[in-house]
Student: 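Handing you a structure now.
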Amino acid sequence: MEQLSQLVSELRSAQCVTVLTGSGISAESGIPTFRDVQTGLWARFRPEDLATPHAFHQNPSLVWDWYSWRRDMVLQASPNAGHIALVELEDWLVKRSDSFYLITQNVDGLHQRAGSRQVVELHGSLLRSKCSSEGTVFDDWPKGHGSPPACPQCGAFLRPDVVWFGETLPEQALQTAWKAAQNCDWFFSVGTSSLVEPAASLSSIALQNGATLVEINPAETHLSSRAHFSWRSPAGQALPVLLLALFGDQGKLVP
Ligand code: BV8
């Protein structure tokens, strides 16, 4: 990006950086995004038709199997250079005792596996299951046999611990995300089509509060024209380039 040197010199005076990621940051780990055509068995379904309470009520086995398929894929995947660059950005800011918030719409846990320490999961995690009746969360994912496994406490079906369309987001996560958008002076929107609410509104909140908006996405989105820096690139390429420009190739901050 031709304005990289301008972005880097301004970013050096950042005091609070908030990053919002979407499924695009996991694309280079081999995880299909939502707007990719779903591969394999799931090519005939739309995520919006499966990630809903109605779909689970109608066909709990189909929905459980879809998440089991996605979970297996995620467990075989590895964090990519984009995830790792965000860990380095966090380290750099925390060392300067500046603030860093990583807010993700993703449910794949790859940020945590890359080493990110404080990840705000707006939409939960498919690495956890929860009771569909009482909401008790379990860190494991029992095998279903033709139907979702039963909750060990009450016998109701287990479901993935994710937020479906039509469900409200975890209150704590949402509050943290809103504050992170209100208080930051830099907001990065990475790998998201910025279409799903309320996550999509975070960039507007940041802009309204005077933040510099950076979008990293190989495709244009409705946000691109409002971004101060619109970096048309895959995250796994752009983020390491950004960190290298910040630190220089001696691995330390270029004065
Ligand atoms: C709620 C978990 C209160 C499950 C997900 C206001 C207006 C309109 C609609 C609504 C509204 N408020 C609420 C709604 C309804 C709905 C909604 O937003 N619908 C949309 C479709 C319009 N929202 C909700 O229901 C939310 N709940 O608001 O509660 C309420 C309740 C009822 C009624 C009203 C209000 C809950 C939303 C959460 C749903 N759960 N995930 C699961 O994963 O199975 S959403 C899921 O889809 C993801 O988590 C993510 O958020 C979203 C997909 O978006 P992206 O991540 O951006 O992925 P996408 O494929 O779209 O784009 C990928 C991008 O990456 C692309 O731009 C691509 O170019 C780019 N890319 C590709 N490769 C790379 C790359 N970028 C960088 N590097 C690369 N290599």
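Just follow the structure's listing: the first ligand is 1, and inside any ligand the first atom is 1. Note that the structure is predicted; figures quoted are calculated from it, not measured.
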Student: At their closest point, which heavy atom of W92 faces which heavy atom of L11, and how far apart are they?
Tutor: CH2-O, 3.9 Å
Student: At a 4.0 Å cut-off, with the gap strictly under it, does some heavy atom of G166 reach an atom of ligand 1?
Tutor: yes
Student: Just to confirm my output: which protein heavy-atom neighbour is closest to atom 46 (C) of ligand 1, and how far is it?
Tutor: F34 CZ, 3.5 Å
Student: Measure from atom 30 (C) of ligand 1 to the protein's non-hydrogen atoms and state whether any distance is below 4.0 Å.
Tutor: no
Student: For a quick test of reading the model, state the closest non-hydrogen atom pair linking P142 to S129 and the distance between them.
Tutor: CD-OG, 4.2 Å
Student: Can you check whether V163 has an N/O within less than 3.5 Å of an N/O in ligand 1?
Tutor: yes
Student: Under a 4.0 Å heavy-atom limit, does L169 contact ligand 1 with its side chain, its backbone, both, or neither?
Tutor: side chain
Student: Just by distance, with hydrogens left out, do T221 and E215 show a side-chain donor and acceptor under 3.5 Å apart?
Tutor: yes
Student: Could you pull out, from L223, N217, T52, the option with a heavy atom nearest to atom 70 (C) of ligand 1?
Tutor: N217
Student: Is it the case that the side chains of W141 and S68 hold a donor-acceptor pair, with the cut-off being a distance below 3.5 Å and no angle test?
Tutor: yes
Student: So for R70, does at least one of its heavy atoms come nearer than 4.0 angstrom to any atom of ligand 1?
Tutor: yes
Student: How close do E134 and C154 get, heavy atom to heavy atom, and via which atoms?
Tutor: OE2-CB, 3.7 Å
Student: Counting heavy atoms only, name the option from I216, I31, V196, T21 that's nearest to atom 37 (C) of ligand 1.
Tutor: V196
Student: One thing to verify: whether E121 and R128 come together as a salt bridge, which I'm taking to mean a side-chain N less than 4.0 angstrom from a carboxylate O.
Tutor: yes
Student: Identify which of H123, E167, E215, E28 has a heavy atom lying nearest to atom 27 (N) of ligand 1.
Tutor: E167
Student: Are any of the N/O atoms on I25, whether in the backbone or the side chain, positioned under 3.5 angstrom from an N/O atom of ligand 1?
Tutor: no
Student: Tell me whether R159 forms a cation-pi arrangement with W164, defined as NZ or CZ under 6.0 Å from the six-membered ring centre and within 45 degrees of its axis.
Tutor: yes
Student: So which protein heavy atom does atom 16 (C) of ligand 1 come closest to, and at what separation?
Tutor: F165 CD2, 4.0 Å
Student: Return the option from A219, A235, A200 holding the heavy atom at the smallest distance from atom 78 (N) of ligand 1.
Tutor: A235
Student: Between S201 and E197, is any side-chain donor less than 3.5 angstrom from a side-chain acceptor?
Tutor: yes
Student: If only side-chain N and O atoms count, and only distance matters, is there a donor-acceptor pair under 3.5 Å linking H111 with T21?
Tutor: yes
Student: What closest approach, in Å, do L202 and A177 show between heavy atoms, and which atom pair accounts for it?
Tutor: CD2-O, 3.7 Å
Student: Looking only at protein heavy atoms, which one is nearest to atom 22 (C) of ligand 1, and what is the separation?
Tutor: L195 O, 3.8 Å
Student: Distance alone, cut at 3.5 Å: any donor-acceptor contact between the side chains of S204 and R226?
Tutor: yes
Student: Using a 4.0 Å cutoff against the non-hydrogen atoms of G22, which atoms of ligand 1 qualify?
Tutor: 56 (O)
Student: Whether the S23 and N106 side chains hold a donor-acceptor pair (N or O, under 3.5 Å, no angle test) is what I'd like checked.
Tutor: no
Student: Applying a heavy-atom cut-off of 4.0 Å, say which part of V107 lies close to ligand 1: side chain, backbone, both or neither.
Tutor: side chain
Student: Around atom 28 (O) of ligand 1, find the nearest protein heavy atom and jot down its residue, atom name and distance.
Tutor: P198 CD, 3.7 Å
Student: Please say whether T221 places an N or O atom under 3.5 Å from an N or O atom belonging to ligand 1.
Tutor: no
Student: Does any N/O atom on E48 come nearer than 3.5 Å to any N/O atom on ligand 1?
Tutor: no
Student: Test salt bridge (Lys or Arg N to Asp or Glu O under 4.0 Å) on R96 and D91; report intermediate values, then the result.
Tutor: CA-CA 9 Å; R96 302 186 342 166; D91 291 346; over 6 Å; no
Student: Indicate yes or no: does an N/O atom of Y67 lie under 3.5 Å from an N/O atom of ligand 1?
Tutor: yes
Student: If you have a sec, work out which protein heavy atom is nearest atom 18 (O) of ligand 1 and how many Å separate them, to one decimal?
Tutor: E197 N, 2.8 Å
Student: Distance under 4.0 Å to a non-hydrogen atom of G191: what atoms of ligand 1 satisfy this?
Tutor: 63 (C), 64 (C), 65 (O), 76 (N), 77 (C)
Student: Would you say W164 has any N or O atom under 3.5 Å from an N or O of ligand 1, going by distance alone?
Tutor: no
Student: Starting from atom 3 (C) of ligand 1, which protein heavy atom do you reach first, and at what distance in Å?
Tutor: T168 CG2, 4.0 Å
Student: For G236, is the nearest heavy atom under 4.0 Å from an atom of ligand 1?
Tutor: no
Student: Give a yes or no on whether the ring-centroid distance for W64 and W69 is below 6.0 angstrom.
Tutor: no
Student: Just go through S189, S193, G24, A27 and tell me whose heavy atom is the nearest to atom 62 (O) of ligand 1.
Tutor: S193
Student: Under 3.5 Å, is there a donor-acceptor pair between the S29 and N80 side chains?
Tutor: yes
Student: Do we see a donor-acceptor contact under 3.5 Å between the side chains of T176 and Q172?
Tutor: yes
Student: May I ask you to check if ligand 1 and S23 share an N or O to N or O distance below 3.5 Å?
Tutor: yes
Student: Identify the closest protein heavy atom to atom 61 (O) of ligand 1: which residue and atom is it, and at what distance?
Tutor: R35 NH1, 2.3 Å
